[in-house]
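Remarks on the structure that follows.
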Amino acid sequence: MTRNIHDHRILILDFGSQYTQLIARRVREIGVYCEIRPFDATPEEVREYAPSGIILAGGPESVTEMGSPRAPAGLFELGVPVLGICYGMQTMAEELGGRVAGSDKREFGYAQVRVTAESDLLHGISDHVTDAGERLLDVWMSHGDQVVETPEGFEVLAATDSAPVAAMQNPSHRLYGVQFHPEVTHTLQGQRILSQFVLDICGCEALWTPAEIVEDAIQQIRDKVGSDKVLLGLSGGVDSSVTAALLHRAIGDQLTCVFVDNGLLRLNEGKQVMDMFARNMGVNVIHHNAEDRFLSRLEGVQDPEEKRRLIGNTFIEVFDEEAATITDVDWLAQGTIYPDVVESAQSRSGKATVIKSHHNVGGLPETMKLKLVEPLRELFKDEVRKIGLELGLPYDMVYRHPFPGPGLGVRILGEVRKNYADMLREADAIFLEELHRYDWYHHTSQAFAVFLPVKSVGVVGDARRYEYVIALRAVETLDFMTARWAHLPYELLETVSSRIINEIPGISRVTYDVSSKPPATIEWE
Ligand SMILES: Nc1ncnc2c1ncn2[C@@H]1O[C@H](COP(=O)(O)OP(=O)(O)OP(=O)(O)O)[C@@H](O)[C@H]1O
Ligand SMILES: O=c1[nH]c(=O)c2[nH+]cn([C@@H]3O[C@H](COP(=O)(O)O)[C@@H](O)[C@H]3O)c2[nH]1
Ligand SMILES: NC(=O)CC[C@H](N)C(=O)O
Ligand SMILES: [Mg+2]
């Protein structure tokens, strides 16, 4: 019998914690497939998903309040192992007849947990053993409420000085709870605890490996599109490149990619995409030069949001025209990844303010009437990168910094002009080249040059120079929501600055951006 990587799967129910996605990533790292669903998923949905185990995540609410969220009806009677984390443990306790109470001993941050009983969940795990033989764990806590009475059939597994129930279990029903957060790295043995739940208690096999994911995705693509033709917008970025490689492996010549040169790309981007995909891999790639069209649309436009809108619309126009020239295309492929899916579901319910509109080619006109194929829809970025390597894409392509859709359009402040774009491209290329040479590229999350259309005086070879300014930007971040400016070595900055001023006649001065996000954003516009 062939084993399917989806046979063993964990269901994570989201009660609104910031860490729910992190739990999912940890489970995937263990090698087991999982999905996140809202806490109010129906019991049918849960049964249909057929989980091998369920994790109830944390949440901001208090189970002591009327009307606070509860697990789907019948969840604890499914016979499937359940692990409650923080709010998840509290609701488990409450629903099964235990008691939860608010406490004035709130625990936020580091805590030390004493393991008081043996269990499959914490088996063999400790950070310190005291002289008296007590096992201690270093964990991370974030709670105000606590379980004060466990439900019938449960025993306490661990405690802290302020929380009498830091972990509990009912082994015959395979129900477990932890008050601390095993998903964060501050809980030193967190990954081991999750892995003992997922592998030992739920009995999952670690089948979710890059090779298996690729194998499975290829089969799914073939089943879905059959002998139809597929169109993909290929940007040279990570997501669309991995999508291209995967589709090409699955359906070969049925795939056509369109690469649009909007005149706002990095130096040699078009050539790199054509070399890599068209020449090396034999993918059908149409190179569409639309520089004039984009730049003429942008003439005289100063406002960043207006520029984004114009670039987005022109993109759609070009793409639409290109699609019309390829006969009988039935499918449009997109590089949508799992965080896009989760975040758009979350933002539908929230009221987040728009700081910048992050467009992509997602909103294509309905008149295109193409069906959608999104082979990366279930994957996190780190998984996308791993399968990119598995598919044979070079490391530097798979681990390149993200590049925004509007490209240099939002890195030239105010009006976009061709000569500005040309100077910026050169400056950016020098910066990236030196970052690689000094081995700093992969120690920054994003690095680029920005063109400032203001003039400054300089002196080059005894002559006066009155020219433009380049700002360098490099940041370190995990999620791009917050970022710290990268502390690049002075020698590196010095080399880059002197190369830019010497090699680009239109630039007289280079500055380094030392703003963090917040309050600044990563891009200047
Ligand atoms: N120059 C381009 N030509 C064709 N399609 C493009 C271009 N730029 C963007 N796209 C399309 O828009 C999508 C979204 O762009 P986005 O920058 O978010 O992702 P990406 O370029 O694939 O990856 P990364 O986030 O690493 O840059 C891409 O997946 C691609 O399909
Ligand atoms: O596809 C995109 N279209 C956009 O309009 C856009 N604006 C910013 N970014 C990228 O988003 C991340 C956060 O950037 P900010 O701190 O500037 O908002 C960084 O990685 C930015 O490069 C964009 N990506
Ligand atoms: N992080 C959590 O899940 C917190 C649960 C609950 N809101 C408490 O304060 O105890
Ligand atoms: Mg991109």
Side-chain angles (χ1 to χ4, degrees), residues 15-20 56-65 68 84-91 100-103 106-108 140-147 163 179-181 231-244 257-262 264-265 269-270 273 285-288 290 294 304-305 307-309 311-312 315 318-319 322 332-337 340 355-362 364 374 376 381 384-385 397-407 409-411 445-446 448 473 475 477 479-483 517-518 520-525:
F15 287 89
S17 158
Q18 300 149 268
Y19 302 115
T20 310
L56 306 178
E61 300 199 47
S62 170
V63 299
T64 62
E65 304 272 333
S68 55
I85 296 175
C86 202
Y87 187 95
M89 168 168 98
Q90 295 166 1
T91 197
V100 175
S103 157
R106 322 178 66 169
E107 290 176 300
F108 290 103
W140 194 85
M141 294 270 201
S142 171
H143 69 120
D145 295 345
Q146 48 181 240
V147 175
Q179 182 57 65
F180 55 87
H181 288 266
L231 183 68
L232 168 70
L234 177 61
S235 70
V238 178
D239 304 338
S240 58
S241 295
V242 175
T243 308
C257 298
V258 179
F259 170 75
V260 180
D261 186 342
N262 56 9
L264 303 168
L265 302 172
E269 190 96 340
V273 168
V285 188
I286 299 172
H287 183 291
H288 188 119
F294 276 88
E305 286 299 286
K307 289 198 282 183
R308 279 195 170 77
R309 206 180 53 76
I311 296 170
F315 236 122
V318 171
F319 207 72
E322 213 44 81
L332 177 71
Q334 291 196 328
T336 313
I337 66 174
D340 303 340
I355 309 290
K356 293 180 191 184
S357 49
H358 289 211
H359 96 285
N360 56 27
V361 197
L364 287 162
E374 302 179 313
L376 308 180
K381 192 89 172 185
V384 169
R385 291 188 151 134
M397 163 162 273
V398 164
Y399 281 89
R400 71 195 314 206
H401 296 167
F403 185 68
V410 292
R411 293 177 180 173
S445 314
Q446 206 172 5
F448 51 88
R473 178 79 164 139
V475 295
T477 171
D479 55 12
F480 296 89
M481 305 293 284
T482 59
K517 173 183 181 177
T521 54
I522 296 172
E523 302 287 348
W524 276 46
E525 283 197 343

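For ligands, and for the atoms within them, numbers begin at 1 and follow the listed sequence.
- For atom 5 (C) of ligand 3, the closest heavy atom belonging to the protein is Gly59 O, 3.2 Å.
- For a threshold of 3.5 Å applied to N or O pairs, the pair formed by Glu523 and ligand 2 contains at least one separation below that value.
- With a 4.0 Å cut-off on non-hydrogen atoms, Pro406 touches ligand 2 through its side chain and not its backbone.
- For atom 6 (C) of ligand 3, the closest non-hydrogen atom of the protein is Glu61 O, 3.3 Å.
- Below 4.0 Å from some heavy atom of Pro60 lie the following atoms of ligand 3, by number and element: 7 (N).
- At least one heavy atom of Lys381 sits under 4.0 Å from some atom of ligand 1.
- Taking a cut-off of under 4.0 Å to the non-hydrogen atoms of Ser142, the atoms of ligand 3 that pass are 1 (N), 2 (C), 4 (C).
- Distance from atom 9 (O) of ligand 3 to its nearest protein heavy atom, with residue and atom name: Gly144 N, 2.8 Å.
- For atom 2 (C) of ligand 3, the closest non-hydrogen atom of the protein is Cys86 SG, 2.7 Å.
- Paired with Asp261 under the rule side chain to side chain contact (heavy atoms under 4.5 Å, CB included), one option of His288, His287, Glu269 passes, and it is His287.
- Taking only non-hydrogen atoms, the option from Lys517, Gln446, Met481 nearest to atom 20 (O) of ligand 2 is Gln446.
- Per-residue contacts place Gly58 under 4.0 angstrom from the following atoms of ligand 3 (heavy atoms of the residue considered): 3 (O).
- Residue-to-ligand polar distances place Ile522 within reach of ligand 2: an N/O pair is separated by less than 3.5 Å.
- When each atom of ligand 3 is checked for a heavy atom of His143 under 4.0 Å away, the hits are 8 (C), 9 (O), 10 (O).
- Ligand 1 lies less than 4.0 angstrom from a heavy atom belonging to Phe315.
- Not a single N or O atom of Arg411, backbone or side chain, sits closer than 3.5 Å to an N or O atom of ligand 2.
- Annotation for ligand 3: atoms under 4.0 Å from non-hydrogen atoms of His181 are 1 (N).
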